Amino acid sequence: MAKMEVGILGATGIVGQRYVSLLADHPWFEVRVVSASQASVGKKYREAAKWFIEPPMPEDIGELVVTPPDPQLFKREGVELVFSALPSEVAKQVEEDFAAAGFAVASDASAHRYDPDVPILIPEVNPSHLQIIEYQRRNRGWSGFIVTGSNCTTIGLVMTLKPLLDAFGIKRVLVATMQALSGAGYFGVPSMAILDNIIPYIKKEEEKVSSEPQKILGRFENGKILPANVPIGASCHRVNVLDGHTEAVFVELGRKASPEEVAKVFKEFQPEPQQLKLPTAPQPPIIVREEPDRPQPRFDRYAGEPPRAKGMAVVVGRIREEPVFETGIKYMLLSHNTIRGAAGNSVLTAELLKAKGWL
Ligand SMILES: NC(=O)c1ccc[n+]([C@@H]2O[C@H](COP(=O)([O-])OP(=O)(O)OC[C@H]3O[C@@H](n4cnc5c(N)ncnc54)[C@H](OP(=O)(O)O)[C@@H]3O)[C@@H](O)[C@H]2O)c1
């Protein structure tokens with residue numbers, strides 16, 4: 001099978017670099033164009049990107065010359081699919097321009113997440129929401145389309161709520177997060193602010209963690225996504241960890257379930273991407289650790305098999321009863337914020353789009 005040519009918008013940033021790394025040697029996709037701001041345009045990628053992730057920069061991508069985010073330039077290179085890691089305020093217009101020009105856009109920016117005709121896709125949770133693409137195209141007169149991923153903290157949470165909702169029902173959820181520095185971008189949190197410290201506020205984060213799951217867990221019906229009703233209270237905090245968001249989750253289930261039953265439901269979660277054996281789908285999607293002191297960011301952030309799915313699994317531990325609620329359960333979870341929470345989720349979405357004939 002010939003590989004599909006793809007482009008990356010915002011390719012030099014933290015999430016953009018993850019795309020470059022995850023798409024190196026991808027069996028279905030080949031990076032053809034890397035794009036960034038005027039400050040980077042015209043430079044070779046290796047000069048424009050301050051590379052700060054573990055796997056070395058792929059040699060061939062380092063040689064590409066960074067372009068502006070111009071759909072015509074991408075078209076000339078044969079690109080059909082673009083991954084967007086742009087700041088939200090830039091993404092709004094640029095992503096629309098690409099969709100109007102016929103590109104499939106898989107985005108991590110929040111600019112279009114809340115548009116009623118744009119899905120927030122977590123491939124393991126709401127693959128049926130892809131059907132809204134037809135309505136989006138019709139509404140907007142686009143030959144292309146936009147699919148977004150959720151906020152990085154939401155992804156890990158919703159991946160665990162979905163099997164619980166299906167098995168037991170959920171009355172309400174409380175979550176306290178411990179979020180990594182990379183979630184704020186390279187220049188996000190000054191070292192003087194975070195060393196020896198915790199910052200108990202992340203702008204707009206609690207609102208996103210409470211509201212995005214309603215759309216993701218909602219039902220697609222007659223061209224609309226009808227929101228779920230799973231009340232979520234969140235308290236979000238920045239901690240001195242490089243990568244990997246940790247979350248303490250308290251769930252009032254619809255009916256009583258033991259920690260063993262909950263662990264079984266997590267372990268048996270086998271949604272569509274896993275059944276289809278998509279290249280970046282982690283097997284299993286949720287890993288349950290039995291040790292009392294796991295998950296931990298240093299040991300669990302790259303969880304996921306096969307090797308292409310490193311950092312794609314959500315790791316859960318410390319599943320126990322929560323006696324404050326009659327049907328309460330609590331657990332810790334960890335997910336890699338720039339892989340599972342951003343670039344990896346969108347690559348998996350693109351694989352699902354291809355497997356289902358949208359590309
Ligand atoms: N970090 C995470 O964990 C995470 C998780 C989920 C979602 N997101 C979302 O993903 C997006 C990227 O986040 P990030 O952390 O990777 O940000 P970042 O490190 O600041 O990178 C931003 C990228 O956008 C480019 N850019 C900036 N202004 C531009 C313009 N006017 N035109 C074209 N390109 C422009 C930058 O290019 P230059 O290098 O040339 O400036 C850079 O490549 C954001 O919308 C963020 O909210 C981030």
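Numbering of ligands and ligand atoms starts at 1, following listing order. All residue numbers in this chain count up from 1 along the given sequence. No experiment lies behind these values; they were computed from the predicted model shown.
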- Counting heavy atoms only, which part of A184 comes closer than 4.0 Å to ligand 1: side chain, backbone, both or neither? neither
- Mind telling me whether H26 and W28 have parallel, tilted or perpendicular rings, with 30° and 60° as the class edges? perpendicular
- What part of A36, side chain from CB on, backbone N/CA/C/O, both or neither, has a heavy atom under 4.0 Å from ligand 1? both
- Out of V79, V105, I146, which one pairs with F98 under the side-chain contact (heavy atoms from CB on, under 4.5 Å) rule? V105
- Task: Give yes if a backbone or side-chain nitrogen or oxygen of G10 is under 3.5 Å from a nitrogen or oxygen of ligand 1, and no if not.
- Result: yes
- Message: Less than 3.5 Å apart, any donor N or O on the side chain of R18 or T338 sitting next to an acceptor on the other?
- Response: yes
- Donor on one side chain, acceptor on other, T153 and T177, under 3.5 Å: no
- Task: Give the numbers and elements of all ligand 1 atoms closer than 4.0 Å to a heavy atom of S88.
- Result: 45 (O)
- Return the residue, atom name and 0.1 Å-rounded distance of the protein heavy atom closest to atom 11 (C) of ligand 1. L86 O, 3.4 Å
- Message: Please state which option from P87, C152, G188 has its nearest heavy atom closest to atom 24 (O) of ligand 1.
- Response: P87
- Query: Which heavy atom in S346 sits nearest to a heavy atom in D108, and how many Å separate them?
  - Reply: OG-OD1, 3.0 Å
- Query: Side chains of N151 and E205: donor-acceptor distance under 3.5 Å anywhere?
  - Reply: yes
- Task: Could you tell me the residue and atom name of the protein heavy atom closest to atom 15 (O) of ligand 1, and the distance to it rounded to 0.1 Å?
- Result: G185 CA, 3.6 Å
- Within less than 4.0 angstrom of ligand 1, does S110 place any heavy atom? no
- Note on the structure: To the nearest 0.5 Å, atom CD of E30 lies from atom CG of L81 at 13.0 Å
- Task: Return a yes/no value for R113: is any of its N or O atoms, backbone included, closer than 3.5 angstrom to an N or O of ligand 1?
- Result: no
- Task: State, without any angle test, whether S40 and Y45 hold a side-chain donor-acceptor pair at a distance under 3.5 Å.
- Result: no
- Message: Check this for me, if you would: do E212 and R113 make a salt bridge, where the nitrogen-to-carboxylate-oxygen distance has to be below 4.0 angstrom?
- Response: yes
- If you measure only the distance, is there a donor-acceptor pair under 3.5 Å linking the side chains of Q270 and Q275? no
- Item | Within-cut-off N or O pair, S150 and ligand 1, under 3.5 Å | no
- In this structure, atom 7 (C) of ligand 1 is nearest to the protein heavy atom D108 O, 3.3 Å
- Item | Top protein contact for atom 32 (N) of ligand 1, by heavy-atom distance | V90 CG1, 3.7 Å
- Note on the structure: The protein heavy atom nearest to atom 40 (O) of ligand 1 is S40 OG, 2.5 Å
- Does the protein put a heavy atom less than 4.0 Å from atom 1 (N) of ligand 1? yes
- Query: Considering only heavy atoms, does T12 approach ligand 1 within less than 4.0 Å through its side chain, its backbone, both, or neither?
  - Reply: both
- May I ask you to identify the nearest protein heavy atom to atom 41 (O) of ligand 1, giving residue, atom name and distance to one decimal place in Å? S37 OG, 3.3 Å
- Message: Within the protein, is there a heavy atom lying under 4.0 Å from atom 47 (O) of ligand 1?
- Response: no
- Look at atom 12 (C) of ligand 1 and say which protein heavy atom is nearest, naming residue and atom and giving the distance to 0.1 Å. A85 O, 3.1 Å
- Query: When the ring planes of Y302 and H336 are compared, do they come out parallel, tilted or perpendicular, using 30° and 60° as the limits?
  - Reply: tilted
- Just need the protein heavy atom nearest to atom 4 (C) of ligand 1, so name the residue and atom and give the distance. V15 CG2, 3.7 Å
- Message: If you count every heavy atom of other residues, nucleotides or ligands that lies below 6.0 Å from I198 atom CD1, does the total exceed 12?
- Response: no
- Message: When you measure from atom 17 (O) of ligand 1 to the protein, is at least one non-hydrogen atom found at a distance under 4.0 Å?
- Response: no
- Query: Taking both backbone and side-chain atoms of I14, is any N or O found less than 3.5 Å from an N or O belonging to ligand 1?
  - Reply: yes
- Task: Look only at interatomic distance and state if A39 has a nitrogen or oxygen under 3.5 Å from any nitrogen or oxygen of ligand 1.
- Result: no
- Message: Is it the case that ligand 1 has an N or O less than 3.5 angstrom from some N or O of T338?
- Response: no
- Query: Once the angle between the rings of Y186 and F52 is folded into 0 to 90°, is it parallel (under 30°), tilted (30 to 60°) or perpendicular (over 60°)?
  - Reply: parallel
